[in-house]
Participant: 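Got a structure for you, written out below as structure tokens; questions coming shortly.
All values below come from the heavy atoms of this structure, side chains included, with hydrogens, waters and symmetry mates left out. Residue numbers begin at 1 in each chain, while the letters A, B, ... track the order of the sequences.
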Amino acid sequence: DSGVTQTPKHLITATGQRVTLRCSPRSGDLSVYWYQQSLDQGLQFLIQYYNGEERAKGNILERFSAQQFPDLHSELNLSSLELGDSALYFCASSVVFNYGYTFGSGTRLTVV
Amino acid sequence: GESVGLHLPTLSVQEGDNSIINCAYSNSASDYFIWYKQESGKGPQFIIDIRSNMDKRQGQRVTVLLNKTVKHLSLQIAATQPGDSAVYFCAEINQAGTALIFGKGTTLSVSS
């Protein structure tokens, strides 16, 4: 157990729907990062939060959004889902900005 | 654009052999590099990291070598074991300094 908790582990939904993925960082970690992993694209950085504030955006689609709450857990919202959004979504956390990421076990999203 | 690549998508070795996994990076200003291991169905797991002021760093059965002149990173695994079978990723800080970016990974297969 890495200490980073992601729920749900698996999610199957239909095109056009909206889902929310949840991440609880390791105790004491203030930074949360979201990554998407697909077979042909590897691990792609989506977005980062630090202590409740957005710090950096990567290749995140406009249909996707995220937030970090006062208790430091984070949610990634994916809307108007398309088949191509099927992937593994990982959350990572760290104490210090951009150093020593710890990853969760991921949420496998399947869009049908 | 910036990218972190690995020279070989797959590497097959015999148990007990030494394994070398290579990675070329593009951001000459990056000062921090990490190797991650990802087993099937799990999130990436930190193996070892190195800062740009070092050429070599050793861990338990693993060594990371950094050649800044040619922007090359390698991971050496001594006495490879079946449990080392996984996908290995190198990662570096992106040019904006906002996130880790990952290569596409090398799949290491260890046969006994």
Participant: Please name the pair of heavy atoms, one in A:Tyr35 and one in B:Ala99, separated by the smallest distance, quoted to 0.1 Å.
Facilitator: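 So the two residues come closest at OH-CB, 4.2 Å.
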
Participant: So which heavy atom on B:Phe89 is nearest to which on A:Gln37, and how close?
Facilitator: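 Result for this residue pair: CZ-NE2, 3.5 Å.
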
Participant: Please say yes or no: joined through hydrophobic side-chain contacts below 4.5 Å, possibly via intermediate residues, are A:Tyr33 and A:Leu46 part of one cluster?
Facilitator: no

Participant: Does one hydrophobic cluster hold both B:Leu66 and B:Ile20, with members joined at side-chain heavy-atom distances below 4.5 Å?
Facilitator: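 Different clusters.
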
Participant: Quick one: CZ on A:Phe103 to CD on B:Gln38, what's the gap to the nearest 0.5 Å?
Facilitator: 8.5 Å

Participant: Is there a path of hydrophobic side-chain contacts, each under 4.5 Å between heavy atoms of I/L/V/M/F/W/Y residues, joining B:Ile77 to B:Trp35?
Facilitator: yes

Participant: Return the option, out of B:Gly43, B:Gly41, B:Pro44, with the maximum number of heavy-atom pairs under 4.5 Å with chain A.
Facilitator: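 Looking at each option in turn, the highest pair count goes to B:Pro44.
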
Participant: A quick test of your reading: do over 12 heavy atoms of other residues, nucleotides or ligands sit less than 6.0 Å from CD1 of A:Ile12?
Facilitator: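 Counting neighbours around CD1 of A:Ile12, 12 or fewer heavy atoms of other residues, nucleotides or ligands fall under 6.0 Å, so no.
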
Participant: Do other residues, nucleotides or ligands put more than 12 heavy atoms under 6.0 Å from A:Arg26 CZ?
Facilitator: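 Yes.
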
Participant: So for B:Gln45, is it side chain, backbone, both, or neither that comes closer than 4.5 Å to the heavy atoms of chain A?
Facilitator: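 For B:Gln45, neither part sits under 4.5 Å from chain A.
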
Participant: Which atom pair, heavy atoms only, marks the closest approach of B:Leu100 to A:Tyr101?
Facilitator: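 Residues B:Leu100 and A:Tyr101, closest heavy atoms: N-OH, 3.2 Å.
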
